[in-house]
Asker: 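Dropping the structure in here first, questions after.
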Amino acid sequence: MSVAEDQRGGINFARLLMSFGPLLFLVALIVVFTVLKPSFMDPINLFNITRQISITGLIALGMTFVILTAGIDLSVGSLLAFCGMVAAVVAKGGTANTLSLSTSGTQGYGWFAALLAAVVVGAAAGGVQGLVITRLKVPPFVVTLGGLTVFRGLTLTISNGGPISGFDASMRWFGTGLIGPVPVPALIFAAAAILCHIVLRYTRYGRAVYAVGGNAEAARLSGLRVDRILVSVYVIVGFFAGLAAFVLSARLNSSEAVAGIGYELTVISAVVIGGTSLFGGIGSVGGTVVGAALIGVLQNGLQFNNVSSYTQSIVIGLILILAVAFDRWLKSRVRR
Amino acid sequence: MSVAEDQRGGINFARLLMSFGPLLFLVALIVVFTVLKPSFMDPINLFNITRQISITGLIALGMTFVILTAGIDLSVGSLLAFCGMVAAVVAKGGTANTLSLSTSGTQGYGWFAALLAAVVVGAAAGGVQGLVITRLKVPPFVVTLGGLTVFRGLTLTISNGGPISGFDASMRWFGTGLIGPVPVPALIFAAAAILCHIVLRYTRYGRAVYAVGGNAEAARLSGLRVDRILVSVYVIVGFFAGLAAFVLSARLNSSEAVAGIGYELTVISAVVIGGTSLFGGIGSVGGTVVGAALIGVLQNGLQFNNVSSYTQSIVIGLILILAVAFDRWLKSRVRR
Amino acid sequence: MPAEAASPKPVLLAVEGITKHFSGVTALSDVSLDIRPGEILGLLGENGAGKSTLLKILSGVMPPSSGHIIFDGADYQPSSPQDAKRLGIVTIYQELSLIPTLTVAENIFIGRAPVGPLGLVSWRRMEAASRDIIARVGLSIDPMTPVSALSVAEQQLVEIARALSLKSRLIIMDEPTSALTETEVQRLLSIMDRLRKDKVAIMFVTHRLEEASAICDRMTVLRDGRLAGHLNREGGPIALPRIIEKMVGRAASELYARPAQRAVAGDVVLSVRGLRTVRDPEAPHAIVLDGVDIDLKAGEILGVAGLVGSGRTELARAIFGADRIAAGTITLDGKPIAPASPADAIALGIGLVPEDRKHQAIFAALGILPNFSVASLGSFSNGFGFMAERRERDALAGFRKMLSIRMASAEQAIEGLSGGNQQKVILARWLARDPKVLIVDEPTRGVDVGAKTEVHQILVQLAARGIAVMMISSELPEVLAVSDRIVTMRRGRITGQMPGVEANEERLMELMALDRKETP
Amino acid sequence: QDKLTILGSVPNLGFPFFVHMLNEIKAEAAAQGVNLTESDGQNSATKQTADIEAALVQKVNAIVISPLDVNALAPAIEEAVKAGVPVVTIDRRVDGVEGILAHVGADNVKGGEAEANAMVAAFPNGAKIFHLQGQPGAGPAIDRNKGVHNVLDPLKDKYQIVFEQTANFARAEALSVTEAGLAANGKPDAIVCANDDMALGAMEACAARNFTDVKIYGFDALPEALVAVRDGKLAGTVEQFPGEQSRTAVRIAVAFAKDKTEPKEKLVLLTPIVIGKDNLDKAERIGETK
Ligand SMILES: Nc1ncnc2c1ncn2[C@@H]1O[C@H](COP(=O)(O)OP(=O)(O)OP(=O)(O)O)[C@@H](O)[C@H]1O
Ligand SMILES: Nc1ncnc2c1ncn2[C@@H]1O[C@H](COP(=O)(O)OP(=O)(O)OP(=O)(O)O)[C@@H](O)[C@H]1O
Ligand SMILES: [Mg+2]
Ligand SMILES: [Mg+2]
């Protein structure tokens with residue numbers, strides 16, 4: 001992935017090492033966990049991990065675009081819940097607070113309509129936020145913090161607080177199915193990651209995203225339509241929040257009003273640990289994938305070793321800091 | 001406050017208007033709520049509001065310093081819980097999960113020791129985070145996100161998940177006491193705000209904070225010890241988290257492991273709504289006070305009118321965005 | 001058809017009665033001018049005269065408050081830089097508009113990267129093409145270098161290269177040469193000459209009047225936002241005194257005049273021996289210091305000349321503690337010093353006016369007062385750490401007068417000042433410290449001719465007070481005008497030194513390019 | 001020697017209620033001589049699901065779980081059942097999954113009803129009521145709210161809820177929300193809260209205004225609340241016997257895992273009761289209050 005490539009698209013050993021901080025760290029973690037408990041490497045467990053990171057991972061892909069433009073989106077967790085609820089309403093054919101886990105008696109519109117509804121609503125909500133950011137010149141932090149509470153409120157209003165549960169097998173397949181041994185959510189995540197990588201690395205649009213984040217004023221003077229690009233990244237992250245919501249609902253067989261609380265921090269961590277700068281212009285999809293994997297492996301590995309929940313918090317916090325510190329140290333070593 | 005002053009300390013009408021966006025909005029909100037329910041203006045309610053905003057307000061003062069340097073501190077909520085627990089342990093004289101609401105039988109060290117412990121631990125924790133940021137070159141977002149989970153884990157470990165309750169009257173006075181009609185927490189907040197205003201506006205240190213946030217490289221080349229200043233702002237926000245923790249514990253007569261969850265976003269909103277730029281170098285204490293008041297009035301006013309919690313979320317989110325949009329609009333009008 | 005042939009040189013762009021107000025400031029007032037294809041129009045004026053503002057209006061960055069523009073016979077109201085670009089109006093901005101995090105190649109191809117059959121960007125083609133493009137302006141850096149690793153001069157060349165690579169009918173250049181040395185300037189002028197032959201119109205802003213005189217067909221001069229007049233080439237180049245008179249509104253005084261009487265230089269204050277600095281692999285082409293010996297005496301102005309990338313800035317930063325030193329010693333007043341940070345160097349009495357004003361010197365959003373006093377917070381505050389604002393303001397007022405800084409108030413954001421006036425505030429920042437050694441790196445970059453003389457006089461006065469001044473400059477006339485002694489650098493080494501009175505441009509150029517002779 | 005291992009999973013160890021639950025699970029597991037893998041859902045259905053998945057990889061012999069959300073955890077529990085691992089649910093019942101070994105619980109809706117009924121009994125002539133709800137969308141908040149309304153809605157004329165707000169199960173929020181309620185509506189007769197933390201916060205708000213005769217009801221019967229009940233500061237709190245539930249669940253799970261002993265009852269329901277000053281001894285954790 002891009003973490004290992006240099007700007008020319010080829011492989012450059014120094015750069016490889018330089019950008020390898022989080023990846024090296026990830027490998028080290030996996031080794032440690034395997035030594036502690038060899039069954040950690042059980043394919044089932046590895047696939048579990050990929051499935052687990054796929055939800056926040058999908059959103060993190062979109063967040064990579066946003067953060068590359070020096071923006072931020074705090075609303076993703078709430079937006080996920082909102083899109084999930086919309087998908088559920090479409091899938092079940094109404095807002096009735098259907099608690100039944102069986103699908104009999106429901107008159108829904110099928111998984112495709114539900115998926116479409118989720119991503120369209122997500123993208124539209126992102127677009128509205130993007131427009132407020134660019135037209136009214138309100139900083140992204142404020143707009144999406146507003147979005148965080150607004151979308152949660154809307155979700156609760158739609159569902160009247162409760163979950164909507166029980167989808168048909170075709171929809172559930174997107175959360176629980178396997179293709180060969182590989183969980184479907186993991187495949188969706190992988191496909192999305194490759195797509196995002198190509199877009200950011202090999203399209204004019206992708207390069208424009210980097211340019212806007214590197215220096216918005218210079219980008220404008222160079223003739224880029226900065227505002228449109230800014231709006232577009234919020235549309236993208238909204239789209240991914242919608243997609244993630246669909247997969248999550250399919251996986252849990254339920255859309256909850258409390259879904260996604262606190263996801264914004266997990267998602268942003270994945271992006272930032274992956275080396276994307278919060279000040280924009282620097283970062284890669286490969287880094288984000290590694291960042292998401294690092295968090296996933298850490299949580300799974302600690303749980304696997306029955307580390308107490310309180311200690312888990314402490315260890316996870318420290319290791320995240322360490323991973324980034326190690327990356328900085330590596331980069332500074334390579335530089336001299 | 002500073003929002004109304006120009007650099008000379010005098011009053012300049014254009015600037016007054018320009019920086020008045022959030023304040024105008026605050027006044028408008030108060031008027032609306034008073035019209036809806038005149039008892040909103042009841043002194044008891046107004047003092048309630050000042051007391052309510054004092055906890056997050058205190059932390060927001062510290063956060064203003066951090067954000068002025070283009071930093072961020074996500075750990076404040078957890079640090080608040082941690083300092084509160086430390087204060088409780090000192091006040092009760094041990095880690096025993098003392099549940100009694102009465103203080104009889106406890107062998108604590110008194111309020112002063114508890115206060116001292118809270119602010120020292122807060123400042124020290126902030127200092128450690130500052131050192132990691134400056135020495136290991138890990139971005140503040142990552143370090144304090146790590147801190148967020150580490151301090152929460154430590155708090156839960158100390159208290160084993162439970163609260164520590166029941167402090168003596170001298171300590172409780174700091175949370176529940178009145179001087180004349182004014183609640184003590186509000187007075188503490190006011191005093192701290194004035195102090196911070198003076199420090200940022202009239203001291204050499206304050207100038208340095210703005211300079212570092214405005215352009216760190218230029219600050220370094222102008223002979224400022226940038227790293228020291230950066231560490232200091234994290235010490236300050238940690239100190240305020242400790243102080244806020246002490247006041248909160250005194251007010252609730254209890255230190256809880258779950259205190260302060262999500263405070264980071266409330267606190268950062270207050271600062272940002274008050275006009276401080278997340279990119280550093282621009283902002284004021286006066287703005288932060290107004291930002292904190294805006295949030296407090298909004299919450300209280302909606303509760304006062306018994307607005308349903310779902311609708312509250314939606315309204316609060318929209319109004320926060322609107323307040324900032326209004327401010328930007330005013331500023332752009334004054335500029336031309 | 002015949003009608004068109006009758007007027008071989010129709011007006012390409014005409015500006016009619018443009019006025020521009022900012023809050024409180026009138027930057028342009030009823031300005032008119034025109035330019036034809038194949039013509040180089042010089043746009044001249046003092047700092048703050050409104051040149052950049054006019055150019056920004058032409059390139060769609062901001063709308064005028066009133067007046068209108070005709071381009072190619074049609075009404076022209078650009079709403080964004082793209083509109084201008086689409087019509088073939090290309091701009092090189094005064095404040096460089098490159099994206100620091102992207103590579104040189106990407107900056108050159110921003111928004112128009114070459115794509116392959118699938119619509120995907122071809123990095124290989126982009127690299128190859130940009131290598132050719134930057135070669136035209138004489139740059140030989142790797143196009144895959146991030147722009148953040150380039151020196152200001154290199155960035156300026158990249159910006160020029162980009163503009164030249166675009167299909168254009170009108171090129172607007174706002175001080176493209178301010179960071180360049182003679183060689184690059186000459187190359188640019190010859191490129192401009194070629195473009196002129198290709199019927200491209202060029203609007204050219206510079207404070208180096210010799211350049212303008214050499215290349216421009218016509219000149220339009222602005223003064224305080226108003227049109228001061230037009231000058232035409234009549235037979236020969238437009239003479240400097242004519243330009244200056246139009247610009248400042250009075251007869252030209254003698255410029256670049258060495259004061260006849262100069263105090264004899266005193267003892268050696270600063271002495272550098274065997275200075276080496278470490279190579280930065282992010283910029284592998286970077287020339288590092290390779291054993292520099294230099295002495296600086298009290299009361300003298302030491303001019304440092306060299307080509308772009310010769311290591312002059314590097315030397316200044318090393319002495320100032322801003323970059324790490326690999327080997328060598330620095331002694332100040334006979335005592336060895338090892339400043340580990342600028343703060344240490346400043347405490348020892350060394351000051352540095354850096355070359356990159358925007359990134360290294362100014363606090364854009366802050367007022368002029370804090371920008372001025374940031375290096376002297378100690379002396380402008382009392383024992384309790386409170387600012388002594390009155391003293392601070394009085395000091396600023398003094399320098400405002402002394403340096404004739406044009407500003408509205410001490411509270412005004414420094415952003416709002418013209419480049420030259422910003423530079424004066426930065427100079428004032430260091431003058432307020434009264435340093436033992438003051439290093440100025442390109443002190444008059446972007447400073448107008450009047451202010452330039454003032455800056456030179458200030459440097460001379462400082463030297464007269466016994467301060468050791470080291471002046472790095474890419475403008476040889478400037479080096480020759482004020483230096484008591486001149487050293488030349490080439491590839492991180494000192495290649496020669498001589499007293500100022502014995503120097504001339506030819507000798508210096510030879511030393512700056514010395515290794516051509518050295519290599520057998 | 002093959003010691004059995006069971007997974008004990010609770011929704012959120014940030015809350016003392018679940019800390020107690022897990023502690024009881026731990027104690028009973030030790031008493032039964034089995035290993036325990038602990039899991040904290042950290043208030044996230046995906047986290048709790050992930051923990052179950054990890055446990056299945058490690059081939060635990062049984063799962064004892066209090067699900068954060070009965071619907072969202074259903075797929076994970078279904079997976080466990082499919083893998084042949086016996087599952088016993090505590091406190092919150094998962095309906096849609098076939099093959100769950102047993103459920104031990106006390107219904108939150110019933111608890112809410114009990115709480116409201118206790119309040120009604122204390123004010124036979126009607127009352128002016130504040131209602132503090134839990135975190136919007138969270139399962140227990142929904143159920144307890146439903147219980148309270150089941151009782152009070154038919155009695156609307158006599159029992160008016162004049163102020164109904166969420167305080168997110170948090171003490172500090174309950175304090176400021178109650179302050180706002182008191183300023184807006186004056187003194188109520190009773191405050192019904194969806195957990196003890198909020199009741200304790202409301203209690204502080206009333207104490208600050210010297211409204212010492214407001215009857216405040218909590219939920220969960222935490223030791224701190226029991227002390228307040230004993231001291232007459234709280235009127236009552238709902239006891240759902242989480243410890244008893246947990247121990248029973250572990251016993252059932254271990255018995256089945258050891259030798260396929262089917263539980264006597266698939267559904268063990270403990271009736272929630274309201275602890276007042278007079279029946280403090282019925283509270284499970286009264287011992288912890290010294
Ligand atoms: N964005 C702005 N806001 C307020 N005032 C401005 C702004 N831009 C320029 N000005 C003012 O307009 C006037 C003209 O500035 P301009 O930058 O056009 O001068 P210039 O001729 O390019 O000077 P220089 O040679 O120093 O670059 C100056 O007084 C300047 O302070
Ligand atoms: N801040 C920097 N970071 C990385 N490389 C730099 C930096 N500044 C200068 N360089 C590199 O070091 C080399 C020496 O540049 P330096 O600025 O010292 O030369 P100079 O003689 O002052 O010439 P110039 O006219 O370019 O300033 C340049 O080629 C440049 O690429
Ligand atoms: Mg200009
Ligand atoms: Mg230089």
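Worth knowing before you read on, the calculation uses all heavy atoms, side chains too, and leaves out hydrogens, waters and symmetry mates. Throughout, protein chains are lettered first and strands after them, A, B, ... in sequence-line order, and every chain is numbered starting at 1.
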Asker: Would you compute the distance between atom CZ of A/Arg207 and atom CE of C/Met126 and round it to the nearest 0.5 angstrom?
Answerer: 7.0 Å
Asker: Run the side-chain contact (heavy atoms from CB on, under 4.5 Å) test on C/Leu102 and A/Tyr210 for me, step by step, so that the C-alpha distance in whole Å, both residues' side-chain angles and the decisive distance to 0.1 Å come before the verdict.
Answerer: CA-CA 8 Å; C/Leu102 296 184; A/Tyr210 279 89; 3.7 Å; yes
Asker: Counting only heavy atoms from other residues, nucleotides and ligands, does the tally under 6.0 Å from CZ of A/Phe112 exceed 12?
Answerer: no
Asker: Only heavy atoms, only distances under 4.5 angstrom. Which residues in residues 221-230 of chain A are near chain C?
Answerer: A/Leu221, A/Ser222, A/Gly223, A/Leu224, A/Arg225
Asker: For the atom pair CG (C/Leu118) and CD1 (A/Ile198), what is the distance rounded to the nearest 0.5 Å?
Answerer: 9.5 Å
Asker: Output side-chain donor-acceptor pairs under 3.5 Å for residues 134-141 of chain A, partner residues at least two apart or in another chain, one line each.
Answerer:
from, atom 1, to, atom 2, distance (Å)
A/Thr134, OG1, A/Gly130, O, 3.0
A/Thr134, OG1, A/Leu131, O, 3.4
A/Lys137, NZ, A/Thr134, O, 3.0

Asker: If I measure from the heavy atoms of chain C, does A/Ala219 come under 4.5 Å with its side chain, its backbone, both, or neither?
Answerer: both
Asker: Shortest non-hydrogen contact from C/Ile110 to A/Ala211?
Answerer: CD1-CB, 3.8 Å
Asker: Say you draw a straight line from CD of A/Glu217 to CD1 of C/Ile99; how long is it, rounded to the nearest 0.5 Å?
Answerer: 10.0 Å
Asker: Verify side-chain contact (heavy atoms from CB on, under 4.5 Å) between C/Val121 and A/Arg201, making sure each step is shown before the conclusion.
Answerer: CA-CA 8 Å; C/Val121 171; A/Arg201 184 99 183 78; over 6 Å; no
